[in-house]
Amino acid sequence: MEYSIQDKRELNQAEIEFLTYLFEKEKTEWTDLIKNLKVIARCGCGNCPTIMFGKNFESKVQENENLKIDYTGKGINGELIGISIFGTDQMPTELEFYSIDGESDIIEIPKIDTLKSVKEKQTE
C-alpha cells in the first residue's frame, strides 16, 4: 500500500471543527493555522479519513514527523479509534485515524464528545 495518495483540497467543516477542538486543548499555537492549512494527500488505503497537510497545494507530504497529539475516540458503532496528529514544531503535517484493536474499518471521524487524551487515560 502506498503511504499516501494525492488529494488536494480545502479542509471540510468536520475537519476544521475536529482540529479546532484538539488544538485548543493541546496546541493553542496551532489554532490560527487551521484557516491556512491545505489537504495535500490522504492515507494510501483510500478509505479512512486520515489526511496530510501542507501550507499550499504544492507542499510535499512529510512522512514520520513527530507525534504531537495522541487521543482516542469512538466510532458510530462504539469501536475504539486512535487519533494521532504528527507535525513539526511549526505546524501539523498529518491527522491519522486508526483502529485500536485492528478489527474495525475506520471510515469516518469520531464524534468530538468521545475524545480522550491518551495522557488523561494514563493518569486515571
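- Residue F86 forms a side-chain contact (heavy atoms from CB on, under 4.5 Å) with just one option from E94, Q62, M52, and that option is E94.
- For I100 against G82, the heavy-atom pair with the smallest separation is CG1-N, 3.5 Å.
- Across all non-hydrogen atoms, the minimal contact from L67 to S84 is CD1-CB, 3.6 Å.
- D7 approaches R42 most closely through the heavy-atom pair OD2-CD, 3.7 Å.
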Verdict with supporting geometry, V39 and E10, side chain to side chain contact (heavy atoms under 4.5 Å, CB included): CA-CA 6 Å; V39 175; E10 300 292 335; over 6 Å; no
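- Not a single donor-acceptor pair under 3.5 Å links the side chain of N77 to the backbone N or O of E79.
- For I16, the CD1 atom counts as densely surrounded, since its 6.0 Å shell holds more than 12 non-hydrogen atoms of other residues, nucleotides or ligands.
- No donor-acceptor pair closer than 3.5 Å links the side chain of E108 to the backbone N or O of I106.
- Nearest heavy atom pair, residue L115 against residue G73, reads CD2-CA, 4.0 Å.
- Distance CZ/F97 to CG/N47: 14.5 Å, rounded to 0.5 Å.
- Applying the side chain to side chain contact (heavy atoms under 4.5 Å, CB included) rule to D101 yields the partners S99, E103, S104; only residues at least two apart in sequence or on another chain are considered.
- Looking at P110 and F18, their side chains come closer than 4.5 Å, going by heavy atoms from C-beta outward.
- A side-chain donor-acceptor contact under 3.5 Å links K8 to the backbone of F57.
- Residue A41 comes nearest to V61 through the heavy atom pair CB-CG2, 3.6 Å, listed as atom of the first residue, atom of the second, then distance.
- Under the 4.5 Å side-chain heavy-atom criterion for grouping Ile, Leu, Val, Met, Phe, Trp and Tyr, I112 is connected to I69 within one hydrophobic cluster.
- A distance of 9.0 Å separates NZ of K119 from CG of D70, quoted to the nearest 0.5 Å.
- The structure places CG of L19 at 8.0 Å from CD1 of I109, a figure rounded to the nearest 0.5 Å.
- Following chains of ILVMFWY side-chain contacts shorter than 4.5 Å, one can reach I34 starting from Y21, so the two form part of one hydrophobic cluster.
- Partners of N12 according to the side chain to side chain contact (heavy atoms under 4.5 Å, CB included) rule, which considers only residues two or more places apart in sequence or in another chain, are R9, A14, E15.
- Between the CH2 atom of W30 and the CG atom of D89 there is a distance of 8.0 Å, given to the nearest 0.5 Å.
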Residues L37, M91; criterion side chain to side chain contact (heavy atoms under 4.5 Å, CB included); working and verdict: CA-CA 9 Å; L37 286 178; M91 67 175 281; 3.8 Å; yes
Verdict with reasoning, I85 to F23, per side chain to side chain contact (heavy atoms under 4.5 Å, CB included): CA-CA 10 Å; I85 297 183; F23 293 172; 3.8 Å; yes
Step-by-step side chain to side chain contact (heavy atoms under 4.5 Å, CB included) determination, S117 to E26: CA-CA 9 Å; S117 168; E26 301 291 333; 4.2 Å; yes
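- Summarising the geometry, atom OG1 belonging to T50 is positioned 9.0 Å from atom OH belonging to Y3; distances are rounded to the nearest 0.5 Å.
- T93 OG1 to I40 CD1: the interatomic distance, rounded to the nearest 0.5 Å, is 8.5 Å.
- Dense packing is recorded around CD of E29, with more than 12 heavy atoms of other residues, nucleotides or ligands lying under 6.0 Å away.
- Environment of NZ in K38: crowded, with over 12 heavy atoms of neighbouring residues, nucleotides or ligands closer than 6.0 Å.
- Residue D113 qualifies as enclosed at atom CG: its count of foreign heavy atoms under 6.0 Å is above 12.
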